[in-house]
Amino acid sequence: MFAARRTTFLFAGLAVITLSACKTTPKPDPTAATAPMIAQDFVPIAALSPLHLDSGRYPNLFAPGSYAVWVSDAVATTKLNIEKKSGTPISETLAADAELVAKNYYVVELDLDSAFPDSSIAYDVVGLRSVDVYLTLPDGTRVWPVQRVLGATARDQQEGALKRYGRTNIVVFPKTDVLSGTPTLPLGVTGLRLTLDGFNSIFHFEWAAAPSLSNQPVPPQEAGGLSWSGLFGKLRELSRLTQ
């Protein structure tokens with residue numbers, strides 16, 4: 001009889017322990033592990049960067065005056081304000097497309113000049129022919145562009161015995177890696193470079209991260225040469241990929 005009671009108490013105790021464990025152990029949230037990471041925007045201290053030589057056989061491959069502009073929200077705002085002040089009508093459809101592009105991509109406006117002695121090479125490099133373009137992070141990681149939009153025509157002018165060529169291009173990088181779903185630029189990155197690698201020579205543009213996000217317009221001279229409509233008009237097809 002006592003053995004039967006002990007058995008009954010034993011099962012009752014196990015039932016209480018099991019019930020208690022069920023009440024105190026939370027069930028995992030099935031959505032928590034699959035929630036996508038949100039890309040953190042990179043905003044530089046200064047939007048415009050001059051060209052720097054890393055190393056290479058041809059330090060004069062690009063001409064002084066070549067520059068790149070990191071098209072942050074602040075740069076886009078300046079471009080838009082300039083266009084509004086000029087009286088140019090702003091397309092609502094293009095404005096919606098521009099918002100989607102800015103939300104999903106990093107955009108760099110690349111203004112290149114070259115007065116290299118071999119004019120055929122000078123013409124090629126300003127159009128990024130045979131030149132690799134990629135972002136380089138502080139840890140050496142490379143981020144490759146999803147699109148390179150070349151300027152429709154090349155500028156040219158005589159400079160002494162040489163001909164100087166110029167072209168304004170656009171390079172676009174994803175904010176989120178398609179395969180991993182993680183941000184391409186990690187949270188807290190202190191700076192980065194846009195590297196140009198070609199003709200046995202390596203150059204770069206460089207930006208340091210701003211301490212806080214800001215959408216204050218930048219000075220017009222730091223906003224690049226492309227107009228707001230000219231820039232986002234070339235990129236509006238990218239907005240279709242995000243819908």
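Everything numeric in this text was worked out from a predicted model, so none of it was measured.
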- prompt: Looking at residues at least two apart in the chain, or sitting in another chain, which of them share a salt bridge (charged side-chain N to carboxylate O under 4.0 Å, His left out) with Asp113?
  reply: Arg155, Arg164

- line: When Val69, Val171, Val75 are each screened for side chain to side chain contact (heavy atoms under 4.5 Å, CB included) with Glu109, the one that passes is Val69

field: Whether Thr184 side chain and Pro174 backbone form a donor-acceptor pair below 3.5 Å
entry: yes

- request: Any chance you could lay out the side-chain contact (heavy atoms from CB on, under 4.5 Å) test for Val101 and Val172, step after step, and finish with the verdict?
  value: CA-CA 10 Å; Val101 169; Val172 184; 5.8 Å; no

- prompt: Of the non-hydrogen atoms in Phe116 and Leu61, which two are nearest, and what is the gap between them?
  reply: CD1-CA, 3.8 Å

- prompt: What is the minimum heavy-atom distance between Leu53 and Pro59, and which atoms define it?
  reply: CD2-CB, 3.5 Å

query: Under 4.5 Å between side-chain heavy atoms, hopping through other hydrophobics if needed: is there a path connecting Phe199 to Phe205?
result: yes

query: So, for Pro138 and Val189, which heavy atoms are closest and what is the spacing to 0.1 Å?
result: CD-CG2, 3.7 Å

- prompt: Does any pair with a residue in residues 115-138 pass salt bridge (charged side-chain N to carboxylate O under 4.0 Å, His left out), and if so which ones, sequence neighbours excluded?
  reply: Asp124-Arg129

- prompt: Quick one: are the ring centres of Phe42 and Trp70 less than 6.0 Å apart?
  reply: yes

Contact check, side chains of His204 and Thr136, non-hydrogen atoms, under 4.5 Å: no

message: Would you say the ring centers of Phe203 and Phe62 fall short of 6.0 Å from each other?
response: yes

- request: Can you measure from CG (Leu235) to CD1 (Ile170) and round to the nearest 0.5 angstrom?
  value: 4.5 Å

query: By side chain to side chain donor-acceptor pair (under 3.5 Å), which residues pair with Asp139, not counting sequence neighbours?
result: Thr141

Distance-minimising heavy-atom pair for Val131 and Arg148: O-NH1, 2.8 Å

Would you be so kind as to tabulate the donor-acceptor pairs closer than 3.5 Å made by side chains of residues 219-233, with sequence neighbours excluded?
unit_1, atom_1, unit_2, atom_2, d
Ser227, OG, Gly230, N, 2.9
Ser229, OG, Glu83, OE2, 2.3

- request: Please report the C-alpha distance between Arg236 and Thr93 in whole Å, then the side-chain angles of each, then the deciding distance to 0.1 Å, and finally whether the side-chain contact (heavy atoms from CB on, under 4.5 Å) criterion is met.
  value: CA-CA 10 Å; Arg236 66 188 315 170; Thr93 303; 3.4 Å; yes

message: Taking the side chain as everything from C-beta on, heavy atoms only, tell me whether Trp207 gets closer than 4.5 Å to Ile45.
response: no

- prompt: Would you find a donor on one side and an acceptor on the other, under 3.5 Å apart, between the side chain of Arg167 and the backbone of Gly151?
  reply: yes

- request: Taking all non-hydrogen atoms of both residues into account, name the closest pair between Asn169 and Leu150 and its distance.
  value: OD1-CA, 3.4 Å

- prompt: Under 3.5 Å, side chain of Asn200 to main-chain N/O of Tyr58, donor-acceptor pair present?
  reply: no

query: If you take all heavy atoms of Ser91 and Leu94, which pair is closest and at what distance?
result: OG-N, 3.1 Å

field: Heavy-atom check, side chain of Ile90 versus side chain of Leu80, under 4.5 Å
entry: yes

query: Would you say Gln158 has more than 12 foreign heavy atoms packed within less than 6.0 Å of its CD?
result: yes

- prompt: For Ile202, which fellow cluster members are found when Ile, Leu, Val, Met, Phe, Trp and Tyr are connected by side-chain heavy-atom distances below 4.5 angstrom, either directly or through intermediates?
  reply: none

- prompt: Taking it one step at a time, do Leu196 and Leu110 satisfy side-chain contact (heavy atoms from CB on, under 4.5 Å)?
  reply: CA-CA 11 Å; Leu196 305 183; Leu110 194 56; 4.2 Å; yes

field: salt bridge (charged side-chain N to carboxylate O under 4.0 Å, His left out) partners of residues 55-64, not counting sequence neighbours, each pair once
entry: none

- prompt: For Tyr165, does its backbone N or O pair with a side-chain atom of Ser114 as donor and acceptor, under 3.5 Å?
  reply: no

